Amino acid sequence: MSVLVVGSIALDTVKTPVAEKADLLGGSASYAAVAASFFSSVNLVGVVGEDFPAEHVEFFGSKGVNLDGLEQVEGKTFRWSGEYLQDMNTRETRNLELNVFEHFEPKLPPHYRTSPITLLANIAPSLQSHVLDQSDSSGFVIADTMDLWISIAREDLLALCKRLDLLILNDGEARLLTGKDNLIVAGREILTYGPKYVIIKKGEHGSMLFGDEHFFICGAYPIDSLLDPTGAGDCYVGALAGYLSAHGGEVTTAGLRKAIAYGAVVASYNVEDFSLERLRSLQRSDIDERYNHLISISQIDLS
Ligand code: AMP
C-alpha cells in the first residue's frame, strides 16, 4: 500500500545558534516523503526548478519514493530561509521565494488517485483542496498547515477542514486558528470545524490527539543533541502517515496512537542534523529501538 504525499520541495537556508547552512534539501514534502518511506511505499507529488540538484532526486529514489508525480519545470526551485533563536524553539522566516511554486497546480498521475492514506503536507490550503478534487479515494486524509495560511488563507483552510480526517498543527497555530489560549479548548474547537481528529504538537513537550470520544498525549522522544529543528513537524506527520499506510490504511484510535509515537521518534532523529542528513543513514531498527524506549519511559506500573 502507498501513501500519497503532496507538499513543498525546497532549497533551504537555515541559521541556528551554532551554524548557518545554505541550499539544503528541504520542503514539507521532502521531509514527509522520506520519513514515510521507512514504513510504506510513497507516491510523491511536487515541483522543482531547473536548479534542483539531481543528487536530491536520486536520494528520494534511493528511499523508494515514487517520483512519477514530481515535475521539473523552467525556473528556480522554491526557496525558504529561516533563523532559530537561542532556545531553538522560536523561528523567524527570513526569506521566502515561491519561484516555480507560484504557478504550481499539483497533478495526480492516475495511479496515485486511490491512496488509502493521503498526506497533504504544508502548502497553501487551496492547493491541498485541489489535490483532493483529483483524488477518488475514500481513504484517510491528513493535512498539515502553518501560521502563514491561518493568517492569509483562513477561509480556504476552513473549507479544507471539512474534507479532512486529521488536521495537524502546532500549539501557536492552534491558538491563532481558534483564538483560544487553552489548548484543550482549542483542540476541541477545531474538531467542530470538520476533521475527525486533530493533533496539536507542542515541540519538545510532545503532542495531543483529539477525537470525538478520544484523547491521547504522547511525549516527545528526549534527545540531548538538537542541531536543526527544521522539518521536525513534517517528519512527524510523514512517519505517522507511513505507519498508517503500512497497517492497511484502516485507521483505528489504537493505530493512531502507535503512529503518533513513531512520528515523535522519526522527528527526534531528524533534528539531530541539518536538512535530511540524519535520515540518510537511519535504519528501521534505529526507529524501533527509540519507539520501544519511548513506550517504556511513558508507562506507569499499575501494580
Ligand atoms: P517545519 O520545520 O516542519 O515547519 O518545516 C520546514 C520546511 O517547510 C522547510 O524545509 C521549508 O522549505 C518548508 N516551508 C517553509 N515555508 C513554507 C511555505 N509557506 N509553504 C510550503 N513549505 C514551506
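These numbers were taken from a predicted model, which means no experiment stands behind them. Whatever order the structure lists them in is the order used to number ligands and atoms, beginning at 1.
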Listed partners of Leu148 passing side chain to side chain contact (heavy atoms under 4.5 Å, CB included), at least two apart: Met146, Ile152

Salt-bridge present (Arg91, Asp147; N to O < 4.0 Å): no

Proximal protein residues to ligand 1, non-hydrogen atoms under 4.0 angstrom: Ser8, Ala10, Asp12, Gly26, Gly27, Tyr31, Phe78, Trp80, Arg91, Leu96, Asn122, Met146, Leu148, Trp149, Thr230, Gly231, Ala232, Gly233, Asp234

Report, one line per pair, each donor and acceptor closer than 3.5 Å where one atom sits in a side chain of residues 41-50; sequence neighbours left out.
unit_1	atom_1	unit_2	atom_2	d
Ser41	OG	Met1	O	3.2
Ser41	OG	Ser2	OG	2.8
Glu50	OE1	Gly75	N	2.9

Charged N-O contact under 4.0 Å between Asp165 and Lys196: yes

Residues clustering with Leu302 (ILVMFWY side chains joined when closer than 4.5 Å, directly or via others): Ile300

Side-chain donor-acceptor pair present, His293, Tyr221, cut-off under 3.5 Å: yes

